[in-house]
Amino acid sequence: MAAGPPTHTATPASTAVFPVAQYDLPGTLASGQAFRWQLTDLGWTGVIGSLFVRLRADEFSIEAETAHPVTDWSWLRAYLQLDLELAQVLRTFPDDEPMRTAVAACRGLRLLRQEPWECLASFILSSTKQIVQIRQIVGLICERFGEPLQALPGHSAAYAFPTASRIARTTEAELRACRMGFRAPYLLATASRVAGGQFDLAGIGNLPLAVARTELMSLPGVGRKIADCVLLFAYGFPSAFPVDVWVMKALRQLYFPRRRVSMQRMHRFAATHFGPWGGYAQQYLFHYMRTHRPSKLK
DNA sequence: TACCAGGAGAGCG
DNA sequence: CGCTCTCATGGT
């Protein structure tokens with residue numbers, strides 16, 4: 001099964017190559033910040049906005065292909081955050097043993113810049129779910145409620161992430177049929193508020209971090225952790241520091257090995273200890289714990 | 001089989 | 001406040 005050269009019957013596709021340094025594309029796409037990327041034998045495939053995208057990477061570049069003509073690739077540069085100087089970010093991390101270990105173990109790990117609604121909805125579905133299950137649920141709602149898209153030859157059908165108004169027009173039963181359980185009423189209610197214009201997702205990015213967080217937490221099914229994920233992964237607030245069970249265990253184990261620390265104190269510690277790019281540091285700790293010491297939890 | 005998962009919200013003391 | 005319980009489902 002090969003991609004094959006473009007034929008006269010196919011929609012003209014586009015290809016672009018971006019030089020990169022210190023960019024671990026597979027690690028980044030699989031690190032639990034986005035849930036739609038899949039590794040196929042032709043590369044990593046996913047959907048950004050309403051475009052099917054295939055990515056391939058080597059040490060020095062990322063090659064992107066779309067099923068439709070593209071001349072302006074700025075949307076992809078933004079999604080992959082290609083203009084970020086990773087070295088300058090790493091330099092702001094605290095110079096301590098846990099951080100050095102995590103950075104060494106996750107060379108080239110990056111943060112993506114995702115579309116706010118997709119990010120918000122995905123993380124509402126993430127609560128107390130393993131990443132594989134989140135991917136499955138997200139896949140189901142895309143198949144059932146997302147707009148069909150043209151994929152590149154050799155790839156299975158692709159769908160856009162369903163809009164808030166489309167989700168708002170579903171029923172709780174339809175959503176539960178996507179295996180999301182008790183998260184269904186949360187997603188439905190939040191989609192209704194966004195689609196109905198009672199909540200301004202587009203304006204969140206212009207607010208100060210604390211205000212933006214409070215706003216997001218007013219949505220059904222959105223607490224501190226999910227709000228921080230959206231602030232970090234979609235709006236790019238670099239100091240937003242999501243604390244989930246993995247990060248909590250990492251912080252306890254690495255920084256407070258023999259002391260009981262509450263969630264609130266941990267947030268205070270994180271805010272002061274990890275600096276202006278704390279969110280980035282958090283992703284290194286999260287990914288390090290998940291990929292390098294899964295058995296050392298507890 | 002038992003335990004746990006990128007939690008949130010309600011109820012309680 | 002801060003703690004505990006429940007919620008639904010499937011992976012390991």
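Letters A, B, ... mirror the listed sequences (proteins, then strands); counts begin at 1.
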I need the CZ-P distance between A:R224 and C:dC1, as an integer number of Å. 14 Å

Output yes when A:R110 and A:D24 qualify as a salt bridge under the 4.0 Å nitrogen-oxygen rule, no when they do not. no

Tell me the interatomic distance from A:I124, atom CD1, to B:dG7, atom P, rounded to whole angstroms. 14 Å

With a non-hydrogen cut-off below 4.0 angstrom, is A:S122 in contact with a base, only sugar-phosphate, or nothing? nothing

To the nearest angstrom, how far is A:I137 atom CD1 from B:dG7 atom C1'? 13 Å

Give A:G221 one of three labels, base, sugar-phosphate or nothing, depending on what nucleic acid heavy atoms sit under 4.0 Å from its own. sugar-phosphate

Indicate whether OP1 or OP2 belonging to B:dA5 is found under 4.0 Å from a side-chain N or O atom of A:K225. no

So A:V247, base contact, sugar-phosphate only, or nothing? Heavy-atom distance under 4.0 Å. base

Give me the distance, rounded to whole Å, that separates B:dG6 from C:dT4 when you measure between the P atoms they each carry. 23 Å

Has A:F286 got its ring stacked on B:dG6, by the test of a centre gap below 5.5 Å and a plane angle below 30°? yes

Rounded off to whole Å, could you give me the CZ-to-P distance for the A:R213 and B:dG7 pair? 17 Å

Could you check A:V245, A:V243, A:D244 and say which one makes a side-chain contact (heavy atoms from CB on, under 4.5 Å) with A:K225? A:D244

Whether A:R213 and A:D228 form a salt bridge (side-chain N of Lys/Arg under 4.0 Å from carboxylate O of Asp/Glu) is what I want to check. yes

Gap between atoms NZ and C1', on A:K249 and B:dG6 respectively (whole Å): 12 Å

Sorted by first residue and then second, give each salt bridge (charged side-chain N to carboxylate O under 4.0 Å, His left out) pair with at least one member in residues 161-175 of chain A; sequence neighbours left out. A:E172-A:R176

Need one value for A:F35: base, sugar-phosphate or nothing, where a base atom within 4.0 Å counts as base even if backbone is also close, heavy atoms only. nothing

Answer yes if A:L111 and A:M289 sit in the same cluster of Ile, Leu, Val, Met, Phe, Trp and Tyr residues linked by side chain heavy atoms under 4.5 Å apart, and no otherwise. yes

Rounded to whole angstroms, how far apart are CE on A:M248 and P on B:dG7? 13 Å

Whole-Å distance between B:dG6 C1' and A:R135 CZ? 14 Å

Scoring nucleotides 2-12 of chain C by protein non-hydrogen atoms under 4.0 Å (B base, S sugar-phosphate only, - none) yields S----BBBBS-

Classify the angle between the aromatic ring planes of A:H155 and A:F52 as parallel (below 30°), tilted (30 to 60°) or perpendicular (above 60°). tilted

Nearest-Å distance for atom pair CZ/P, residues A:F241 and B:dG6: 17 Å

Side chain to side chain donor-acceptor pair (under 3.5 Å) contacts in which one or both residues fall within residues 270-281 of chain A, not counting sequence neighbours: A:D96-A:H273

At under 4.0 Å between heavy atoms, what does A:L219 touch on the DNA or RNA strands: base, sugar-phosphate, or nothing? sugar-phosphate

